[in-house]
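Hydrogens, waters and symmetry mates play no part in the numbers below; they use all other heavy atoms, side chains included. We name chains A, B, ... by the order of the sequence lines, and we start the count at 1 in each one.
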Amino acid sequence: MLDPRSISERRDEIAESCRRRGVNADVDVAAKLHGEVSAKQTELNEANRRRNEHQQAGKQQLSDEDREAHKGEGRALKEAVSRIEHDLSALRADFERALGDLPNFIHASVPDGGEDDARELHTSGTPRSFDFEAKDHLEICSALDLADFEAGARVAGQKWYYLKNEAVLLELALQRYSLEILLEAGFTPYVTPDVAKPEVVAGLGYNPRGDETQIYSIANAELCLVGTAEITLGGLYADSILQESELPLRIAGVSHCFRTEAGAAGRESKGLYRVHQFTKTEMFCITRPEDSDAMHDEILAIEEKIFQGLELPYRVVDIASGDLGAPAYRKFDIEAWMPGRGDGGSWGEISSASNCTDYQARRLKIRFRREGEKKNETVHMLNGTAVSNARTILALLENHQQRDGSVRIPEALQPYVGREVIGPR
RNA sequence: GGACAGGUGGCCGAGUGGUCGAAGGCGCACGCUUGGAAAGCGUGUGAGCGCGCAAGCGUUCCGAGGGUUCGAAUCCCUCUCUGUCCGCCA
């Protein structure tokens, strides 16, 4: 949610953001409604003031006749107030809908365009050229007995899966490996609930309802399965006022992530690449407004350290305006090389880092007070993937496979897996 | 799941229809005092919204929502959360 005051002050920037993102929302309608809400609020304040004055007058001794007259006036004032309140709440609902449709501002460096227009910032490592017939991760899983997609489909449905044998060790090892790096970087770790209330989900800018929603809802409870620990970590500080000295806040969460993948039919979705459930270690940071760009870089640097340790070739891209979610001001993705993807391998998204500035924080009411200042300000919030397990396991298997069918475990991960190689079998 | 007891400011806690945005205490900030500190004394100390350049003024908020009343923290209804006991359980 944008600052309502910014609607008229930064009208052109907002219109530009809508255009570049391809979002169909009208700043001017929102501005007009905002004016109407303010006027109505002023009217309500006036009506309440008259009513308060009238009540004060009612405290004195009155004759029976005057008391009756006083009661009559009170009833009339009460009706006036309730009429204005009714109008105001209708106006406010319209305004909030219009305001909620407006996306965040866009960082000056964000490239224009859609999914294919991300700007490559840099790469690390080189895609490996195999001197044998490389397999994709599905073939590796089946040869080494690491996953069971058929059983997943039978028990839960398409895009659900079982991990088996060393893949289970990899799953747990990736959590420990990533947490170790995050602890070193000063993060406070959490294991979060895998569910959250719909208003928390909405507070982070995810739509919990509708046909295209990515979010699963639980049928007999007012709860959603979280799509990321960003939701539960963001909710952690909802409605609070932080001290400036507490910032920046670096927290990390391990959770399962559930996604409906509605509307994803036909997209690259082989095996572990696009699944309904996976485990993820997430970073989440809360900063002063002037510190969020630097924190964005810090988060990206941690992600790169993690993937360098896993010896995966990757590239970093600056996501284009049309591909940003509404809350994101800027987003970096890390795409790992996946040899089994497409024809002869391709880059596949494996991690991302978003600076959402104050967009989520405003709705979640997360504020801070500067040293010596009286007014509270809205914080900036950022999130980034430390390790998203399903896709990372995919990348590890495909990149580190060996001629004899075995898979090498990168050195940095070995202490957590407890072995140096998987297979051959 | 059943029974009972409660949700008041950063915290504790008083308040059962008008004098209550709310006593008192703790905490915190500033000042006085002191060689320095403690103690003591004094002053201040919630959030949101509207109008205003600002100072400020107004307004809303005592778990949430509704109701009674000229007037509700206080009375009534619904919901919710917490605590305790019982049951069940990894």
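Comparing A/His34 and A/Arg49 along RNA chain B, the residue whose closest nucleotide (by nearest heavy atom) sits nearer the 5' end is A/His34. Of the residues near RNA chain B, A/Arg50 and A/Arg5, the one whose nearest nucleotide (by heavy atom distance) lies more toward the 5' end is A/Arg5.
Comparing B/G21 with B/A5, their P atoms are spaced 30 Å from each other, to the whole Å. Taking atom P on both nucleotides, B/G15 is separated from B/G9 by 16 Å, rounded to a whole Å. Rounded to whole Å, the separation between the P atoms of B/U43 and B/U82 comes to 41 Å. Rounded to whole Å, the separation between the P atoms of B/C75 and B/U8 comes to 16 Å. Spacing between B/C81 and B/A64 at atom P, rounded to whole Å, works out to 15 Å. Here the separation of B/G18 from B/U74, taken at their C1' atoms, is 11 Å to the nearest Å. B/U45 and B/C57 have their P atoms separated by 13 Å, given to the nearest Å. Rounded to whole Å, the C1' atom of B/G13 lies 34 Å from the corresponding atom of B/G1.
Classification of A/Arg259 and A/Glu261 as a salt-bridged pair fails, no side-chain N sitting under 4.0 Å from a carboxylate O. Checked for salt-bridge contact, A/Arg408 and A/Glu420 miss the test: no charged N lies under 4.0 Å from a carboxylate O. Between A/Glu85 and A/Lys40 no salt bridge is recorded (no basic side-chain N to carboxylate O distance below 4.0 Å).
Rounded to an integer number of Å, the gap from A/Leu44 CG to B/C61 C1' is 13 Å. The distance between atom CD of A/Glu36 and atom P of B/C49, rounded to the nearest whole Å, is 20 Å. In this structure, the NZ atom of A/Lys365 is 12 Å from the C1' atom of B/C49, given to the nearest Å. Rounded to whole angstrom, the span from the CD atom of A/Gln243 across to the P atom of B/A29 amounts to 11 Å. A/Arg367 has its CZ atom 13 Å from the C1' atom of B/C49, to the nearest Å. Atom CD in A/Glu43 sits roughly 15 Å away from atom P in B/U60 (whole-Å rounding). To the nearest angstrom, P of B/G52 lies 14 Å from CD of A/Gln41. One can place CZ of A/Phe368 at 14 Å from P of B/A47, the figure rounded to the nearest angstrom.
Dashed line: the shortest gap from a side-chain N or O of A/Asn376 to OP1 or OP2 of B/A47 is under 4.0 Å. Distances shown here put every side-chain N or O of A/Asn48 at or beyond 4.0 Å from the OP1 or OP2 atom of B/G50. Between A/Asn52 and the phosphate of B/U60, there is a side-chain N or O to OP1/OP2 separation shorter than 4.0 Å.
Among the heavy atoms of the strands lying under 4.0 Å from A/Arg369 are primed sugar atoms or P, OP1, OP2 only; no base atom is included. Residue contacts shown for A/Ile241 are limited to sugar-phosphate atoms, with no base heavy atom under 4.0 Å away.
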Revision key, fill the gap. Scoring nucleotides 70-82 of chain B by protein non-hydrogen atoms under 4.0 Å (B base, S sugar-phosphate only, - none) yields BS-----------
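For the atom pair CZ of A/Phe187 and CG of A/Leu249, the computed distance is 10.0 Å after rounding to the nearest 0.5 Å. Atoms CG and CZ, from A/Asp3 and A/Phe105 in turn, are 8.0 Å apart once rounded to the nearest 0.5 Å.
A cation-pi arrangement is present between A/Arg391 and A/Tyr273, with the terminal nitrogen or guanidinium carbon under 6.0 Å from the aromatic centre and inside a 45° cone about the axis.
The base-pairing partner of B/G10, taking Watson-Crick or G-U wobble contacts with both distances under 3.5 Å, is B/C26. Pairing of B/U16, defined by two Watson-Crick or G-U wobble distances under 3.5 Å, is not identified with any nucleotide. B/A3 and B/U84 make up a base pair, with Watson-Crick or G-U wobble contacts both under 3.5 Å. Pairing for B/C41 goes to B/G31, judged as Watson-Crick or G-U wobble with the two contacts each under 3.5 Å. In this structure, B/A47 and B/U60 make a Watson-Crick or G-U wobble pair, each of the two defining distances being under 3.5 angstrom. Pair assignment for B/A72: none, as no Watson-Crick or G-U wobble contacts are both less than 3.5 Å.
Screening A/Arg362, A/Met1, A/Lys365 for a side chain to side chain contact (heavy atoms under 4.5 Å, CB included) involving A/Thr378 leaves a single residue, A/Arg362.
Classification of the A/Tyr216-A/Phe258 ring pair by plane angle, with boundaries at 30° and 60°, yields perpendicular.
Judged by distance alone, the side chain of A/Asn376 and the main-chain N or O of A/Arg367 form no donor-acceptor pair under 3.5 Å.
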